[in-house]
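A quick write-up on the structure given underneath.
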2 protein chains.
Amino acid sequence: MIMLDERTKKILYAVVENYINFPDPVGSRTVAKGYSFGLSPATIRNVMADLEEMGFLLQPHTSAGRVPTDMGYRFYVESLIAESAFLHKEPLRELYKRLETLRDNIDILFSETTKTISTLSHYLGIAMSPKPEVTTLKKIELLKYKDDKIAAILFTDEGMIKNKVISLGAEITQKDLNRIAGYLNSEFSGHTFDEIRQKVVQEMSKEKIMCDRLISRALKICQEAFYFLYGDLFVSGLSEVLNLPDFTDLKKIKELSRAIEDKHTIIKLLDKLSELDGVQIIIGSENSMDEMKKFSIVVSACKEGDRPIGVVGIIGPTRMNYSKAIYIVDNTARFITRILAER
Amino acid sequence: MIMLDERTKKILYAVVENYINFPDPVGSRTVAKGYSFGLSPATIRNVMADLEEMGFLLQPHTSAGRVPTDMGYRFYVESLIAESAFLHKEPLRELYKRLETLRDNIDILFSETTKTISTLSHYLGIAMSPKPEVTTLKKIELLKYKDDKIAAILFTDEGMIKNKVISLGAEITQKDLNRIAGYLNSEFSGHTFDEIRQKVVQEMSKEKIMCDRLISRALKICQEAFYFLYGDLFVSGLSEVLNLPDFTDLKKIKELSRAIEDKHTIIKLLDKLSELDGVQIIIGSENSMDEMKKFSIVVSACKEGDRPIGVVGIIGPTRMNYSKAIYIVDNTARFITRILAER
DNA sequence: TATTAGCACTTAACCACTGAGAGTGCTAAA
DNA sequence: TTTAGCACTCTCAGTGGTTAAGTGCTAATA
């Protein structure tokens with residue numbers, strides 16, 4: 001990390017904050033006037049030129065003021081985190097009252113959470129419900145549909161219910177299904193989906209020797225049922241961000257809409273981020289997704305112990321009110337965590 | 001309906017079709033040249049002036065060509081429907097092969113269908129999965145969660161699985177829950193959700209006299225479980241429509257995004273439309289939703305007998321290729337209907 | 001009588017130009 | 001080391017002139 005003396009830092013922060021508040025490039029005069037450094041514009045100009053040379057600021061054109069680079073935002077955000085200024089603010093409890101009533105239905109809870117976040121922040125609210133990989137099986141239920149088709153319903157301790165229809169290739173009676181479900185429950189309930197998947201593989205290799213027809217069927221069903229399950233991604237607030245001055249450019253809107261339609265990539269990204277603790281921030285070009293390189297992401301995982309049970313966050317322009325965003329995301333994540341723990 | 005003589009109609013259709021193909025106001029010269037009426041631009045001009053007087057066309061400004069009004073589109077679309085030209089085209093079976101593999105999971109089927117529709121049409125693809133009101137209960141399952149909380153899982157004959165967590169206010173054993181579920185299944189399975197709701201109300205009034213504690217609990221659970229269930233609405237293809245010349249205007253983009261975020265209103269609209277047979281078309285100002293007054297909707301319900309089991313459709317600009325849209329929607333609806341019937 | 005050629009008229013779109021305003025970098029003085 | 005002063009650069013909004021498209025009207029024509 002490049003070291004900057006106190007005065008230079010302060011000027012950088014002033015530029016960033018001013019730009020976050022007013023979407024125009026900020027000039028030396030503005031900084032000198034608005035932030036009482038006791039310095040003349042000329043001096044500020046020199047410092048700003050230095051900051052530009054170091055890559056923290058850039059000029060859109062010669063006669064314009066300066067705008068932070070992604071590196072500039074990063075430096076600013078690091079200082080925000082170091083100060084943890086946002087932690088001292090009062091929590092948003094009042095605003096979450098409505099969400100509280102939804103605690104029982106986890107999908108609706110997460111989708112409504114994105115709406116609350118986008119209303120509060122005026123950016124895109126995002127949330128991902130727990131990915132089944134890390135959730136604990138409470139009970140599995142098998143139900144015969146038609147011919148060789150059965151439905152497998154997986155209940156997790158977290159309150160999620162996932163279902164999958166499976167074609168067996170041969171008919172089966174409901175009675176057999178009940179026995180299979182009984183076996184699977186005795187064997188697997190209380191384990192995470194990940195553990196179950198591993199166990200199934202192990203059992204299947206043993207099974208080759210044991211050759212119990214029912215058990216082998218059970219394992220096959222199980223393999224299908226637990227294959228390829230993802231958390232659901234919710235996004236809302238597009239009309240909020242379209243009101244921002246950052247989105248008067250059609251090209252940028254297109255990029256954003258393409259980015260949020262590529263749910264699969266975002267899910268993978270959030271998956272990775274959900275492993276980490278606290279608020280995570282990805283600024284513009286730091287993002288690995290091409291369409292996201294002009295936007296920033298602020299997310300936090302909701303955890304139960306150290307197991308991630310969901311992710312909430314914000315997507316917005318790099319010119320984002322990071323302080324407010326961090327504050328909202330941090331608060332929301334804590335709130336969801338608490339709500340899910342209390343249940 | 002205003003009657004137009006053959007020549008006037010032809011000229012109206014020519015203007016509409018030309019405008020659909022090229023997003024510029026169409027002038028008399030273009031019509032005369034491109035559509036071999038054997039008339040000079042001057043004559044065409046006179047007819048176009050008449051059409052404008054009658055409200056089928058309008059001029060953006062004095063020296064521009066003409067553009068269809070919503071009434072103009074309506075007249076054109078009526079003739080399309082009368083000819084049923086689109087019915088003669090070959091079905092899109094090839095393109096639906098991928099969807100066929102998803103038939104077992106109805107939610108994913110519908111959400112992927114919207115993607116297919118938007119890719120084919122370059123407009124927004126929309127779909128609504130069966131609203132539970134009209135679906136038939138196959139089985140209800142009750143599972144104890146924690147304290148006084150239970151999960152009710154509703155399986156429908158259509159292959160949908162809905163779940164709801166209910167707080168009872170007092171603890172209950174799983175054994176009791178099983179008995180309640182057994183009772184509810186014997187009583188209600190095979191009935192539509194609507195019927196069940198009515199039955200519950202009836203039973204509850206009787207129950208006041210009979211006073212069986214378990215049954216009264218069962219009915220209470222049932223009432224909760226079947227309360228307020230909606231079909232899910234899926235929308236995709238925003239980045240498709242942003243590429244249309246109709247959406248270079250930020251204001252229009254905002255309107256569209258606000259419209260599709262108001263899922264509740266769209267669901268109610270589709271609900272109404274799902275009662276009708278065949279492809280339904282709503283053009284611009286015909287729409288009751290304010291935000292939708294600049295867009296058109298083309299939808300068709302998927303039916304099982306005369307029971308709607310879902311809706312698929314397109315949202316796009318009023319300058320839409322209606323012929324293609326109708327064709328795609330009609331085909332898709334038939335395809336989904338077939339797939340759900342075969343199951 | 002219906003159609004058409006001719007023409008004057010209207011308007012948007014494009015382009016080059018201009019002046020104002022904002023903000024810079026550099027230099028020389030404090 | 002800081003600052004005042006100044007020349008310089010660039011954007012932006014506004015202006016005026018030109019072009020092209022398309023119209024409506026009128027008078028001639030089949």
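Order of the sequence lines fixes the chain letters, A, B, ..., with proteins taken first and strands second; residue numbering starts at 1 for each chain.
Contacts of A:Arg45 classified as salt bridge (Lys or Arg N to Asp or Glu O under 4.0 Å), with partners at least two apart in sequence or in another chain: none.
When the P atom of D:dT1 is taken as reference, atom CG of A:Asp50 falls 12 Å away, rounded to whole Å. With rounding to whole Å, A:His61 atom NE2 is found 11 Å from C:dT24 atom P. Rounded to an integer number of Å, the gap from CG of B:Asp24 to P of D:dT23 is 13 Å. For the pair B:Asn46 CG and D:dT26 C1', the interatomic distance rounds to 12 Å; values are reported in whole Å. Across the protein-nucleic acid pair, A:Arg45 atom CZ and D:dT1 atom C1' stand 16 Å apart, rounded to whole Å. Rounded to an integer number of Å, the gap from A:Arg66 CZ to D:dT11 C1' is 16 Å. For the pair B:Tyr19 OH and D:dG22 P, the interatomic distance rounds to 14 Å; values are reported in whole Å. Straight-line distance from the CE atom of A:Met48 to the C1' atom of C:dG25: 13 Å, rounded to whole Å.
You'll find that the side chain of B:Ala42 is closest to C:dT4, out of D:dG22, C:dT24, C:dT4. Picking from C:dG23, D:dG24, D:dT3 the nucleotide with the shortest atom distance to the side chain of B:Gln59 gives D:dG24.
Residue whose closest nucleotide on DNA chain C sits further toward the 5' end, between B:Ser40 and A:Arg29: B:Ser40. For B:Thr62 and A:Gly65, each mapped to the nucleotide of DNA chain C holding its nearest heavy atom, the one lying further toward the 5' end belongs to B:Thr62.
OP1 or OP2 of C:dT24 lies within a sub-4.0 Å distance of a side-chain N or O belonging to A:Ser28. In this model, the phosphate group of C:dT3 is approached by a side-chain N or O of B:Arg7 to a distance below 4.0 Å at OP1 or OP2. A sub-4.0 Å separation between OP1 or OP2 of C:dT4 and a side-chain N or O of B:Thr43 is present.
With A:Tyr322 as the fixed residue, the ring pair (Phe, Tyr, Trp, His ring centres under 6.0 Å) test singles out one of A:Tyr13, A:Tyr19, A:Tyr73, A:Tyr123: A:Tyr73. Residue A:Ile297 forms a side chain to side chain contact (heavy atoms under 4.5 Å, CB included) with just one option from A:Ile281, A:Leu269, A:Ile266, and that option is A:Leu269.
Judged by distance alone, the side chain of A:Asn21 and the main-chain N or O of A:Glu17 form a donor-acceptor pair under 3.5 Å.
With 3.5 Å as the limit, one finds a donor-acceptor pair spanning the side chains of A:Glu261 and B:Ser239.
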